Amino acid sequence: MMRTLSLLVALSVTCACTAIGPKPGVYEVKTVPMQLPHGELPITVVKPVAPSPGNVMILFATGDAGWLGASKGIFEHIIDRGYAAAAFSSQRVVSNLRKAKELIGFEQVASDVDLILVESKKALGLPADAPVIVAGFSRGANVVVFAAGEPSLRRHIVGGVALALTAETDYVKPPAGAHLPPSIELDDKGRMRTYPALARLGDTPIAVIQSAGDSYVPADESRKLFGPNTDTRRLYEVKATSHGFSGGRDEMLKDLDEALDWIVAKKP
């Protein structure tokens with residue numbers, strides 16, 4: 001049986017693994033090292049000097065490259081806007097799971113995310129009921145789809161922004177047979193399909209930002225899978241040439257700003 005999650009209390013000044021340091025007069029950076037069932041996961045928390053309107057916290061998950069490539073620029077853009085934020089490397093998560101040589105179940109993923117949110121709010125001095133927008137790139141975008149649609153996390157999450165969303169997620173073991181939640185579809189390898197899972201979000205706002213030249217799911221294919229925009233669902237199609245938004249980074253960041261503002265405006 002998996003052991004109970006525990007938090008290592010120490011806070012360091014900055015997290016070398018993120019290459020994101022403090023920016024005097026703009027934000028402070030600390031690390032909350034967490035010992036999860038599959039290994040330690042450093043959580044980077046960023047406290048703005050002048051918080052953005054809305055008092056929203058962002059939880060950000062990187063792609064498989066960790067803090068290389070698009071993920072670092074996206075996160076720095078978010079914290080430069082004055083959001084209180086917490087972030088982790090999906091690369092570290094995958095490394096831990098590979099060492100453990102086992103998949104992680106829905107219930108455990110939800111428990112891990114809940115603890116990360118609870119302890120990150122404490123580290124940032126935010127109230128327990130502070131609203132959260134979950135955002136992520138590539139594999140981190142899969143975290144967005146799962147977390148924003150998970151009933152046990154709705155007390156935290158008011159919306160999600162998934163950048164470069166892939167068609168399925170791995171390393172997660174869905175419940176079997178009759179225990180499979182509604183709107184969860186599996187591919188022929190038993191992996192959760194991400195686009196059908198968006199239905200789990202209900203009225204929770206979700207934005208997907210996709211590159212026209214994405215090597216996994218191009219924006220035009222994403223539109224077919226996503227369907228039309230609605231009052232709670234928006235797809236942004238970026239004129240870029242790669243999964244990492246090459247040639248379209250500025251457009252992607254503009255869409256990210258618009259998506260975050262949209263979700264903040266809709267929160268209760």
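All of these numbers come straight from a predicted model, not from anything done at the bench. These numbers come from the heavy atoms of this one structure, side chains and all, not from hydrogens, waters or symmetry mates.
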What orientation do Phe106 and Phe146 show, parallel under 30°, tilted 30 to 60°, or perpendicular over 60°?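 Perpendicular.
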message = Can you classify the ring geometry of Phe226 versus Tyr195 as parallel (below 30°), tilted (30 to 60°) or perpendicular (above 60°)?
response =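 The arrangement is perpendicular - the two ring planes meet at more than 60°.
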Donor-acceptor pair, [X] side chain versus [Y] backbone, under 3.5 Å?
X: Thr194; Y: Thr166; answer: yes
X: Ser120; Y: Ile116; answer: yes
X: Asp187; Y: Met192; answer: no
X: Ser183; Y: Pro196; answer: no
X: Ser215; Y: His243; answer: no
X: Gln91; Y: Gly63; answer: no
X: Thr31; Y: Pro33; answer: no

I'd like to know if [X] and [Y] make a salt bridge, using a cut-off of under 4.0 Å between side-chain N and carboxylate O.
X: Lys266; Y: Asp261; result: no
X: Asp129; Y: Arg155; result: no
X: Glu150; Y: Arg200; result: yes
X: Arg139; Y: Asp170; result: yes

Requested in this report: Output, in order, the C-alpha distance, side-chain angles, deciding distance and verdict of side chain to side chain contact (heavy atoms under 4.5 Å, CB included) for Leu235 and Arg223.
Outcome: CA-CA 7 Å; Leu235 174 68; Arg223 171 58 73 188; 3.6 Å; yes
Item to complete: Please lay out, stage by stage, how Glu40 and Met34 fare under the test side chain to side chain contact (heavy atoms under 4.5 Å, CB included).
Response: CA-CA 5 Å; Glu40 186 178 284; Met34 292 190 181; over 6 Å; no
- Query: Do Val26 and Ile78 belong together in a cluster built from hydrophobic side chains that touch within less than 4.5 Å?
  - Reply: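 Yes, Val26 connects to Ile78 through the hydrophobic network.
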Q: Nearest 0.5 Å please: distance from the CZ atom of Arg81 over to the CG atom of Leu256.
A: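 That separation rounds to 7.5 Å.
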Arg98 and Tyr171: side-chain donor and acceptor closer than 3.5 Å?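 A pair is found: one side chain offers a donor N or O, the other an acceptor, under 3.5 Å apart.
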| Sole residue of Phe60, Tyr83, Tyr27 in ring pair (Phe, Tyr, Trp, His ring centres under 6.0 Å) with Phe75 |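 When ring pair (Phe, Tyr, Trp, His ring centres under 6.0 Å) is applied between Phe75 and each of Phe60, Tyr83, Tyr27, only Phe60 qualifies.
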